[in-house]
Amino acid sequence: MNRALVSIAKRAATKVNNSTSPSPNSKLFVAGLSWSVDEKSLKDAFSSFGEVTEVRIAYDKVSGRSRGFGFVNFTKEDEAISAKDAMDGKALLGRPLRVSFALEKVRGGPVVVPRLSNAGDDFNRKA
């Protein structure tokens with residue numbers, strides 16, 4: 001039975017991976033932003049790696065302050081890769097950045113999380 005579950009999980013993971021765009025892409029997720037970082041300063045920090053097409057910082061609806069993360073879009077994938085490699089862990093206005101490739105936002109579609117192991121089941125079973 002374990003083999004059957006692993007097989008189902010592998011097929012589900014393959015379907016999920018094939019339905020989304022392959023990573024890496026040209027959109028970066030940037031976390032660890034200082035509240036004083038704005039779109040212009042974020043664009044300036046990343047534009048040395050290539051042409052930045054869009055910069056968006058998430059703001060709190062109530063307070064109007066930055067939520068500490070944003071997105072930087074590049075025209076080319078290789079520029080985004082260079083920027084990610086160079087800027088991940090680097091400080092901007094006193095705070096270290098955490099840079100990764102942004103995941104595509106999927107609305108309305110089912111979220112499939114494949115289960116690869118039954119290791120925790122023995123712990124949860126009642127004797």
_The criterion is side-chain hydrogen bond (donor to acceptor under 3.5 Å, both in side chains); which residues satisfy it with Thr75, sequence neighbours excluded?_
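By the side-chain hydrogen bond (donor to acceptor under 3.5 Å, both in side chains) rule, Thr75 matches Glu79.
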
Residue pair [X] / [Y]: nearest heavy atoms and the distance that separates them:
X	Y	result
Ala83	Phe46	CB-CD2, 3.9 Å
Gly89	Pro96	O-CB, 4.0 Å
Met87	Ala45	CE-O, 4.0 Å
Val72	Val52	CG1-CG1, 3.8 Å

| query | Quick one: does Asn73's side chain have a donor or acceptor within less than 3.5 Å of a partner on Val55's backbone? | reply |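 Checked: no pair found.
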
Check whether Ser82 reaches the backbone of Asp78 with its side chain - one donor and one acceptor, N or O, closer than 3.5 Å.
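Side chain of Ser82 to backbone of Asp78, a donor-acceptor pair under 3.5 Å: yes, one is there.
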
query: Please walk me through it: do Val30 and Ile57 pass side chain to side chain contact (heavy atoms under 4.5 Å, CB included)?
result: CA-CA 9 Å; Val30 183; Ile57 294 177; over 6 Å; no

Check your understanding: Are the side chains of Phe49 and Ile81 in touch, meaning some heavy atoms are under 4.5 Å apart?
Key ->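 Phe49 vs Ile81: side chains apart.
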
Is any side-chain heavy atom of Leu92 closer than 4.5 Å to one of Leu42?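 They are in contact (side-chain heavy atoms under 4.5 Å apart), so the answer is yes.
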
Taking only residues two or more places apart in sequence or in another chain, which ones pass side chain to side chain contact (heavy atoms under 4.5 Å, CB included) with Arg67?
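Per chain and number, Arg67 pairs via side chain to side chain contact (heavy atoms under 4.5 Å, CB included) with Ala58, Asp60, Phe69.
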
**Request:** Could you pull out all residues at least two apart from Asp38 that satisfy side chain to side chain contact (heavy atoms under 4.5 Å, CB included)?
**Result:**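 In terms of side chain to side chain contact (heavy atoms under 4.5 Å, CB included), with neighbours along the sequence ignored, Asp38 is linked to Lys40, Ser41.
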
Worksheet item: Say you draw a straight line from CD of Glu54 to OG of Ser26; how long is it, rounded to the nearest 0.5 Å?
Response: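 OG of Ser26 is found 10.5 Å from CD of Glu54.
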
inquiry  = With rounding to the nearest 0.5 angstrom, report the CG to CG distance, Leu28 to Leu97.
reply    =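 Between Leu28 CG and Leu97 CG, I get 11.0 Å after rounding to 0.5 Å.
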
query: Distance under 6.0 Å and angle within 45° of the ring axis: does Lys27 meet both against Phe71?
result: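 Yes, Lys27 and Phe71 form such a contact.
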
hydrophobic_cluster_shared for Trp35 and Leu33, side chain cutoff 4.5 Å:
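No.
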
Are Phe74 and Phe29 linked, directly or through other ILVMFWY residues, by side chains that come within less than 4.5 angstrom of each other?
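No, because Phe74 and Phe29 fall into different hydrophobic clusters, even though each may have its own neighbours under 4.5 Å.
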
